[in-house]
Amino acid sequence: MLRIAYHPGYVHPLRAGHRFPMVKYELIPAQLLYEGVVSADCFFEPKLVEMSTIALAHDAHYVSQLMDLSLNAKMVRRIGFPLSQSLVDRERYILDGTIQASLYALEHGIAFNVAGGTHHAGRDFGEGFCLFNDQAVAAAYLLDRKLAKKVLIIDLDVHQGNGTAHIFEKHPGVFTFSMHGDKNFPFIKECSDLDVPLPDGMDDGAYLALLKENLDKIFTIFDPDFVFYQAGVDILATDKLGKLKLTTDGCLRRDEMVLQKCRQNGLPVQISMGGGYSEHIKDIVNAHVNTYKIAMDIFGF
C-alpha cells in the first residue's frame with residue numbers, strides 16, 4: 001500500500017488574496033480519492049515532531065525561538081507568514097510526515113507527504129514560506145539513526161533549494177542537487193553540491209535533456225542509498241512565479257525520469273510536493289496528482 005502523510009493542520013488560514021495556495025493541501029488528497037488513485041487507508045496522520053528531532057538539522061536557538069514564538073519581526077517577514085502557534089504546529093506536523101514517509105519508503109520503496117518541500121529554511125533561518133526544512137530534517141534523522149549512509153536530495157522546484165544547501169554544506173553523507181530558475185527567487189543563492197541554473201523560458205525538450213544528463217552524472221559519482229525528491233510544480237508555463245515553459249506532460253515526464261532512475265537503482269524515495277503558483281488551482285493540483293500516478297505505476301502499487 002502506498003503511504004501518504006496528511007494532517008488537517010496542513011491547511012493554515014491566511015488572509016484573503018494571499019499568493020500562497022494553501023487550499024491545495026486539502027484538494028490534493030480529495031482529488032486522489034475522487035479519481036480512485038488511492039484509498040482512504042493510504043493516508044496516515046503525522047504527529048507533532050519534537051524539538052530535539054528538528055535540531056538534528058536546525059540551530060537549536062532558532063528552533064526554540066519558533067517554538068516559543070519569540071522570533072524577531074525581521075525574520076518573520078522573511079518567512080512571509082504571520083507567526084502563530086498553529087503555524088509552528090503545522091510545520092511540526094509536516095516534518096513528522098516526511099520523517100514517517102521516509103521510514104515507509106525504506107519498507108515499501110516509496111512514500112509521500114501531501115505537503116513539505118520546505119527547502120528555503122536553512123540551519124538558522126526561515127524564508128519563502130518555510131519555517132523548518134522537512135526533507136533536511138528527515139535526511140538528518142535517517143543518518144542519525146544509521147538508516148541511511150548516503151542521501152541524495154533531488155530538488156526540482158523552480159526555486160533553488162537554498163536552505164537545504166545551507167544545512168548540508170560540505171556534509172559528506174548528503175548530496176544536494178537543485179535545478180532551478182537562474183533569475184528567480186532566492187536572488188542570493190547558496191551552493192548545492194550540484195546547481196543547474198536554468199534560463200527563463202526553457203521548454204520541455206531542453207529541460208528533460210538537461211535533467212537526464214545531470215541525473216546520470218549524480219547517480220554515478222555519488223551512489224546514494226536513499227533519495228528525497230522535492231517535486232515542485234512551479235516549473236509549469238502556467239505558473240505565475242516560475243518563468244519556465246514546461247507543459248503538464250513535461251512535468252510528468254520529469255517525475256517519470258527521476259522515479260525510474262530511483263527504481264532502476266533499487267533506491268527508496270520520499271516525495272514532498274514543493275511549490276506551485278499557477279493562476280488556476282486545478283493546474284497545480286492535477287500536476288501534483290500526476291506525480292502520485294506515475295510513482296504508483298513505476299513502483300508497482
Side-chain angles (χ1 to χ4, degrees), residues 7 9-25 48-49 51 54-98 113 115-137 155 157-169 176 178 180-192 195 197 230 232-234 239-243 272-279 281 284:
H7 193 283
Y10 284 2
V11 185
H12 180 74
L14 296 173
R15 61 170 172 77
H18 198 290
R19 67 178 178 173
F20 189 83
M22 190 68 74
V23 69
K24 81 173 185 178
Y25 299 114
L48 291 169
V49 75
M51 178 177 170
I54 304 173
L56 292 173
H58 289 286
D59 176 77
H61 181 60
Y62 170 70
V63 176
S64 67
Q65 287 182 312
L66 277 172
M67 298 282 268
D68 64 18
L69 306 181
S70 65
L71 195 67
N72 68 70
K74 182 179 179 181
M75 184 64 77
V76 173
R77 286 194 299 273
R78 186 175 178 183
I79 289 169
F81 290 142
L83 188 60
S84 66
Q85 187 61 58
S86 61
L87 180 69
V88 175
D89 287 350
R90 173 183 184 267
E91 294 271 329
R92 292 172 67 194
Y93 286 129
I94 290 172
L95 262 60
D96 189 62
T98 296
N113 194 343
T118 49
H119 61 166
H120 296 311
R123 176 163 291 279
D124 57 357
F125 64 86
E127 185 174 72
F129 309 134
C130 305
L131 283 71
F132 300 127
N133 191 316
D134 66 302
Q135 291 185 320
V137 170
D155 190 330
D157 193 281
V158 80
H159 304 110
Q160 192 209 29
N162 60 314
T164 311
H166 183 259
I167 289 168
F168 291 120
E169 183 182 12
T176 54
S178 180
H180 53 263
D182 184 30
K183 295 182 174 66
N184 212 319
F185 178 89
F187 300 107
I188 298 175
K189 308 287 196 288
E190 299 287 339
C191 291
S192 308
D195 284 302
Q230 207 274 26
V233 300
D234 40 14
D239 198 89
K240 293 180 290 187
L241 306 179
K243 302 182 182 180
S272 291
M273 294 292 88
Y277 303 91
S278 294
E279 181 177 358
I281 192 69
I284 302 171

For His61 against Ser64, the heavy-atom pair lying closest together: O-OG, 2.8 Å
Taking only residues two or more places apart in sequence, or in another chain, which ones meet Phe185 in a ring-ring contact (aromatic ring centres under 6.0 Å, His included)? His120
Filter on side chain to side chain donor-acceptor pair (under 3.5 Å), then keep only pairs touching residues 121-131, sequence neighbours left out; what's left? Arg78-Glu127, Glu127-Asn162
Taking salt bridge (charged side-chain N to carboxylate O under 4.0 Å, His left out) as the cut-off, I'd like each qualifying pair that reaches into residues 54-75, sequence neighbours left out, listed once. none
Are His18 and Phe129 an aromatic pair, judged by ring center distance below 6.0 Å? yes
Taking only distance into account, with no hydrogens and no angle test, what donor-acceptor pairs under 3.5 Å do side-chain atoms of residues 88-95 form with protein atoms, sequence neighbours excluded?
{"unit_1": "Asp89", "atom_1": "OD1", "unit_2": "Gln85", "atom_2": "NE2", "d": "3.0"}
{"unit_1": "Arg90", "atom_1": "NE", "unit_2": "Tyr10", "atom_2": "O", "d": "2.6"}
{"unit_1": "Arg90", "atom_1": "NH2", "unit_2": "Tyr10", "atom_2": "O", "d": "3.4"}
{"unit_1": "Glu91", "atom_1": "OE1", "unit_2": "Phe132", "atom_2": "N", "d": "3.2"}
{"unit_1": "Arg92", "atom_1": "NE", "unit_2": "Val49", "atom_2": "O", "d": "2.9"}
{"unit_1": "Arg92", "atom_1": "NH2", "unit_2": "Val49", "atom_2": "O", "d": "3.1"}

Taking the side chain from Asn133 and the backbone from Ala136, do they hold a donor-acceptor pair closer than 3.5 Å? yes
Under 3.5 Å, is there a donor-acceptor pair between the side chain of Lys243 and the main chain of Asp182? no
Does Ser178 reach the main-chain N or O of Gln160 with its side chain, forming a donor-acceptor pair under 3.5 Å? no
Only one of Asp155, Asp134, Thr176 passes side chain to side chain donor-acceptor pair (under 3.5 Å) with His119, and that residue is Asp155
For Tyr25, what residues pass the ring-ring contact (aromatic ring centres under 6.0 Å, His included) criterion, not counting sequence neighbours? none
Short side-chain to backbone donor-acceptor contact, Asp239 and Tyr277, under 3.5 Å: yes
Non-hydrogen side-chain atoms of Thr164 and Gln135 separated by less than 4.5 Å: no
Can you name the one residue among Lys189, His180, Glu190 that meets side chain to side chain contact (heavy atoms under 4.5 Å, CB included) with Asp195? His180
Reference residue Leu66; test side chain to side chain contact (heavy atoms under 4.5 Å, CB included); the match among Leu87, Leu71, Val76: Leu71
If the condition is ring-ring contact (aromatic ring centres under 6.0 Å, His included), which residues does Phe125 pass it with, not counting sequence neighbours? His166
